[in-house]
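Quick note: residue numbers are just sequence positions, from 1. Since this is a predicted model, take the numbers as computed values, not measurements.
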Amino acid sequence: MQIFGVDIGGSGIKGAPVDLDKGDLAQERCKVLTPQPATPDAVADGVKEVVAHFGWTGPVGVTFPGVVTDGTTIRSAANVDKSWIGTDARVLLGDRLGGLPVTVVNDADAAGVAEMHFGAAKGRRGTVILLTFGTGIGSAVFVDGVLVPNTELGHLELHGHEAEKRASSKAREDHDLTWEHWAHRVQKYLAHVEMLFSPELFVIGGGVSRKPEKFLHHIQGIKAEIVPAQLQNNAGIVGAAMRAATGI
């Protein structure tokens with residue numbers, strides 16, 4: 001069974017049909033740059049371009065980098081235009097896609113669901129936390145496989161700063177940090193999250209999951225196991241499609 005997944009990020013909008021039996025992309029993904037400013041109409045055009053690239057005519061799952069309530073209403077927009085707040089994303093995107101059925105989900109929650117079912121956290125019980133390091137830091141928290149939605153742990157305060165302003169992948173690039181220096185910032189952030197939640201497992205997602213050899217060995221003193229996301233930067237696309245197909 002194939003369902004289309006789209007992952008809206010602060011820097012790119014990417015999507016592809018997903019083979020839900022394998023938990024992997026059925027075709028090579030299409031990616032366009034996130035428009036600046038990332039207003040609802042401009043981003044919707046980007047989503048339309050990605051979906052149209054494949055001539056897709058079925059259900060579409062879409063991730064959003066912020067809080068999504070009831071699968072439709074946007075409640076936060078830290079890394080896209082603030083005009084998203086209060087937008088009915090399901091209606092907006094459904095209209096832009098010519099009436100295709102659309103399901104909207106928080107981006108990190110989607111990635112977490114994919115990793116729990118097909119990836120690094122498959123079969124794991126207890127408390128599992130996926131953290132995506134990209135333009136910001138997204139989070140997905142699971143207790144015995146059940147998602148606690150919209151946790152937004154990237155906005156925790158750490159040493160007087162919002163965590164994602166210090167430890168996101170974008171912060172590493174903006175401040176020209178070495179991988180080791182950035183890993184030490186991530187270590188402090190993980191220690192803070194661990195103090196609050198005592199997870200058994202951290203899954204590190206986002207683009208950095210493709211390069212775990214660059215930074216993971218620099219992270220010391222964390223009690224929980226730390227592993228890179230197996231689906232890497234495709235986890236959000238897969239999770240979006242899963243949500244559209246089953247409502248998981």
Side-chain angles (χ1 to χ4, degrees), residues 5 7-16 23-25 29 31 33-34 63-66 78-80 106-116 118-122 124 128-142 151-156 158-159 161-194 197 199 201-222 224-240:
D7 189 11
I8 297 172
S11 59
I13 301 169
K14 51 190 181 291
D24 199 1
L25 307 190
R29 72 189 190 186
K31 180 178 180 179
L33 294 178
T34 301
T63 77
F64 182 82
N79 295 304
V80 290
N106 172 269
D107 57 349
D109 286 349
V113 165
E115 289 292 331
M116 287 295 297
F118 294 110
K122 184 177 181 180
R124 295 295 292 259
V128 174
I129 299 179
L130 172 129
L131 297 166
T132 59
F133 291 85
T135 305
I137 299 175
S139 61
V141 178
F142 296 84
T151 48
E152 294 292 289
L153 300 183
H155 301 303
L156 287 171
L158 185 62
H159 302 306
H161 299 277
E162 190 175 33
E164 68 176 23
K165 302 300 184 187
R166 298 272 299 165
S168 66
S169 183
K170 184 176 187 295
R172 182 183 67 81
E173 295 166 359
D174 287 350
H175 299 291
D176 196 25
L177 302 177
T178 65
W179 282 101
E180 182 176 3
H181 189 173
W182 178 73
H184 291 158
R185 290 189 177 191
V186 173
Q187 176 181 304
K188 292 177 182 177
Y189 172 61
L190 293 180
H192 188 56
V193 175
E194 184 169 63
F197 293 93
L201 176 68
F202 281 117
V203 179
I204 305 300
V208 297
S209 61
R210 297 193 299 267
K211 305 172 184 178
E213 73 284 355
K214 299 277 191 181
F215 66 93
L216 271 188
H217 63 285
H218 292 301
I219 298 175
Q220 305 293 329
I222 305 300
E225 183 182 358
I226 308 172
V227 298
Q230 287 184 12
L231 302 179
Q232 300 181 350
N233 219 15
N234 290 333
I237 297 173
V238 174

Kindly indicate, with the supporting measurements, whether the criterion side chain to side chain contact (heavy atoms under 4.5 Å, CB included) is fulfilled by Arg166 and Leu158. CA-CA 9 Å; Arg166 298 272 299 165; Leu158 185 62; 5.9 Å; no
Mind listing the closest non-hydrogen atom pair of [X] and [Y] along with its distance?
| X | Y | result |
| --- | --- | --- |
| His155 | Ala78 | CE1-CB, 3.5 Å |
| Ala224 | Glu194 | N-OE2, 2.7 Å |
| Gly134 | Ser168 | O-CB, 3.4 Å |
| Gly5 | Ala240 | CA-CB, 4.2 Å |
| Phe118 | Leu231 | CB-CD1, 4.3 Å |
| Ala120 | Leu201 | O-CD2, 4.2 Å |

Output the distance between atom [atom1] ([X]) and atom [atom2] ([Y]), rounded to the nearest 0.5 Å.
| X | Y | atom1 | atom2 | result |
| --- | --- | --- | --- | --- |
| Ile219 | Phe202 | CD1 | CZ | 10.0 Å |
| Ile13 | Leu33 | CD1 | CG | 9.0 Å |
| His184 | Trp179 | NE2 | CH2 | 14.0 Å |
| Gln220 | Ile226 | CD | CD1 | 8.5 Å |
| Ser139 | Ile129 | OG | CD1 | 7.5 Å |

Output yes when a side-chain donor or acceptor of [X] lies under 3.5 Å from a complementary backbone atom of [Y], and no otherwise.
| X | Y | answer |
| --- | --- | --- |
| Glu164 | Ile137 | yes |
| Thr63 | Ile8 | yes |
| Glu115 | Val203 | no |
| Asn106 | Gly66 | yes |
| Asn234 | Ile237 | no |
| Thr132 | Gly138 | yes |
| Thr34 | Gly9 | yes |

Report the C-alpha distance between Val227 and Ile204 in whole Å, list the side-chain angles of each, state the deciding distance to 0.1 Å, and finish with yes or no for side chain to side chain contact (heavy atoms under 4.5 Å, CB included). CA-CA 6 Å; Val227 298; Ile204 305 300; over 6 Å; no
Listed once per pair and sorted, the salt bridge (charged side-chain N to carboxylate O under 4.0 Å, His left out) pairs that draw on residues 167-190, sequence neighbours left out: Lys170-Asp174
Sorted by chain and number, sequence neighbours left out, ring pair (Phe, Tyr, Trp, His ring centres under 6.0 Å) with Phe133 holds for Trp182
Not counting sequence neighbours, which residues clear salt bridge (Lys or Arg N to Asp or Glu O under 4.0 Å) with Asp7? List them please. Lys14
Take Thr178 and Phe215, measure what side chain to side chain contact (heavy atoms under 4.5 Å, CB included) needs, and give me the verdict at the end. CA-CA 9 Å; Thr178 65; Phe215 66 93; over 6 Å; no
